[in-house]
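In what follows, a single structure is set out as structure tokens and then discussed.
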Amino acid sequence: MRMRSPGRDLREFSFDEEAPGQEVRAVERRALLETLASKLPPGAISFSSKLKSISEQGRAGTLLELEDGRQILAKIVVGCDGVNSPIARWMGFSEPRYVGHMAFRGLAEYADGQPFEPKVNYIYGRGVRAGFVPVSATKVYWFICFNRQDPGPKITDPTALKTEALELVRGWPSDLLAVMRSTPEGAVVRTPLVDRWLWPGLAPAASRGGRVVLAGDAWHPMTPNLGQGACCALEDAIVLARRLADAGADGAQAAAAMRAYEAERWARVFPLTARAGLVGALVQWENAAVCAARDGVVIPRLVRLGPFLEHTNFECDLLEPAPESP
């Protein structure tokens with residue numbers, strides 16, 4: 001990992017030196033989703049099937065109406081439909097809260113091979129930070145986080161998005177700018193960063209009637225400052241699948257399994273959501289004196305990687321294959 005300000009190096013180290021046993025792996029989301037999807041039976045996924053409405057149908061189950069007119073009557077619905085989940089809204093959850101900064105994200109492409117070492121690069125400015133890391137032999141992921149009082153209007157023009165991103169870091173290190181310029185215009189997005197804190201006793205339950213349950217960002221959106229959003233969704237999937245598999249087809253047991261899943265996962269996702277929000281607030285400082293202390297003392301001398309990455313440790317045990325039917 002290499003940590004810099006726009007004008008100088010602050011610190012560089014290997015994970016083996018700082019935190020033996022810890023690592024960072026950057027994976028393109030498309031590759032991850034295609035790998036997971038390839039393990040399902042053909043036709044199991046209906047892509048671009050947006051939900052129009054959801055309603056309870058008593059013992060018959062839960063009725064999902066899709067925007068293309070199709071209807072699905074489901075025994076169990078797992079709402080893992082992202083930050084703007086209509087299922088979470090239907091279950092009484094508040095809209096995610098804007099945290100005061102936004103992010104540009106992009107994926108640079110190098111047809112003849114990207115030139116970078118397997119290294120995480122972070123660059124800290126005043127109220128702006130950026131980073132990039134290779135995700136494959138030909139692609140490099142990059143991001144910029146920047147403070148903004150409100151998200152403002154959505155920009156859909158890809159040229160305007162890329163131009164705005166480059167303007168934010170004008171004069172910053174040339175390797176970051178080279179990565180950004182190597183990004184196809186259609187591969188740049190700008191999004192407001194949001195979260196939702198699941199306060200005990202105040203947040204709605206993650207399940208309803210033993211028939212509908214939330215997972216991932218639909219339930220606990222968090223800022224990306226710890227790199228744990230998608231990771232927590234995968235953890236949710238493992239825990240929930242095990243709980244429901246043990247419950248079988250019994251409705252009362254399914255309801256109990258969902259409550260047990262919520263209790264187990266809340267103890268992990270609530271602290272992570274809070275910690276991610278706190279880290280984001282700290283690294284988005286704009287005050288010149290505070291940033292000087294960060295660059296001169298905190299990053300070079302005080303930050304230790306091992307304790308900082310303890311939150312990534314999650315033991316899911318062995319994933320045993322389901323027994324074959326006789």
Side-chain angles (χ1 to χ4, degrees), residues 5-6 29-30 48 50-51 67 81-89 93-109 121-133 140-173 176-198 216-230 233 272-288 290-291 294:
S5 69
R29 187 170 297 233
R30 175 178 176 176
S48 301
K50 292 186 178 181
L51 182 66
E67 289 187 354
D81 46 344
V83 171
N84 299 309
S85 165
I87 298 179
R89 198 176 303 121
F93 282 85
S94 61
E95 294 296 321
R97 174 187 67 98
Y98 176 58
V99 299
H101 42 277
M102 303 184 66
F104 278 101
R105 297 180 177 95
L107 199 61
E109 296 184 3
N121 292 268
Y122 279 113
I123 307 158
Y124 296 94
R126 291 174 55 186
V128 182
R129 59 193 159 104
F132 64 92
V133 59
V140 178
Y141 165 76
W142 61 268
F143 73 88
I144 302 172
C145 288
F146 62 100
N147 293 348
R148 183 164 177 162
Q149 188 172 1
D150 60 78
K154 183 176 181 179
I155 299 177
T156 56
D157 180 359
T159 302
L161 280 174
K162 188 173 179 180
T163 299
E164 182 182 340
L166 285 165
E167 185 63 27
L168 270 172
V169 291
R170 183 173 54 175
W172 281 38
L176 169 67
L177 300 179
V179 170
M180 295 173 65
R181 293 189 179 109
S182 299
T183 304
E185 291 182 347
V188 179
V189 297
R190 189 189 76 168
T191 53
L193 299 185
V194 301
D195 63 15
R196 181 194 293 127
W197 292 29
L198 302 175
D217 282 351
W219 179 28
H220 49 72
M222 65 182 71
T223 57
N225 299 300
L226 299 180
Q228 290 298 291
L272 277 178
T273 303
R275 186 174 179 180
L278 177 61
V279 169
L282 294 177
V283 295
Q284 290 297 134
W285 280 324
E286 295 185 24
N287 181 275
V290 172
C291 290
R294 176 198 64 195

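In what follows, residues are counted from 1 in the order of the sequence shown.
Listed here is the closest heavy atom pair of Cys291 and Arg126: SG-CG, 3.7 Å. In terms of heavy-atom proximity, Asn225 sits nearest to Ala276 at ND2-O, 3.0 Å. A pairwise comparison of heavy atoms in Ala88 and Ala218 identifies CB-O, 3.3 Å as the closest pair.
In this structure, the salt bridge (Lys or Arg N to Asp or Glu O under 4.0 Å) partners of Arg30, at least two apart in sequence or on a different chain, are Glu34. For the side-chain hydrogen bond (donor to acceptor under 3.5 Å, both in side chains) test, no residue two or more places apart in sequence or in another chain qualifies with Asp217. Evaluation of the side-chain hydrogen bond (donor to acceptor under 3.5 Å, both in side chains) rule for Ser94 yields no partner, not counting sequence neighbours. In this view, Arg196 satisfies the side-chain hydrogen bond (donor to acceptor under 3.5 Å, both in side chains) rule with no residue, not counting sequence neighbours. Residues meeting the side chain to side chain contact (heavy atoms under 4.5 Å, CB included) test with Ala165, sequence neighbours left out: Phe104, Trp142, Ile144, Met180. Every residue two or more places apart in sequence or in another chain that forms a salt bridge (Lys or Arg N to Asp or Glu O under 4.0 Å) with Arg89 is listed here: Glu95. Partners of Ala187 by side chain to side chain contact (heavy atoms under 4.5 Å, CB included), not counting sequence neighbours, listed by chain and number: Thr183, Pro184. Looking at residues two or more places apart in sequence or on another chain, you find a side chain to side chain contact (heavy atoms under 4.5 Å, CB included) between Trp172 and Pro6, Ile123, Val128, Ala130, Val169, Leu176. With sequence neighbours excluded, the residues that form a side chain to side chain contact (heavy atoms under 4.5 Å, CB included) with Leu282 are Leu278, Trp285. Take Gln284 and apply the side-chain hydrogen bond (donor to acceptor under 3.5 Å, both in side chains) test, not counting sequence neighbours, and it matches Arg129, Asn147.
Proximity of Leu198 to Thr273: side-chain heavy atoms (C-beta onward) are nowhere separated by under 4.5 Å. Taking the side chain as every heavy atom from C-beta outward, Val188 and Pro158 never approach each other to under 4.5 Å. Arg29 places none of its side-chain heavy atoms less than 4.5 Å from the side chain of Tyr141.
Applying the salt bridge (Lys or Arg N to Asp or Glu O under 4.0 Å) rule to pairs touching residues 96-109 yields Arg97-Asp195, sequence neighbours excluded. Pairs engaging residues 176-190 under the salt bridge (Lys or Arg N to Asp or Glu O under 4.0 Å) rule: Glu164-Arg190 [sequence neighbours left out].
Using a distance-only test at 3.5 Å, with no hydrogens or angles considered, a donor-acceptor pair links the side chain of Thr163 to the main chain of Thr159.
Note: Glu67 CD to Ser48 OG = 10.5 Å, rounded to the nearest 0.5 Å. Between Ser182 atom OG and Leu177 atom CG the span is 10.5 Å, to the nearest 0.5 Å. Atom CD of Gln149 is separated from atom OH of Tyr98 by 9.0 Å, given to the nearest 0.5 angstrom. Taking OG1 of Thr223 as the start and CG of Leu272 as the end, the distance is 10.5 Å to the nearest 0.5 Å.
No more than 12 heavy atoms of other residues, nucleotides or ligands shown are found within 6.0 angstrom of OH on Tyr122.
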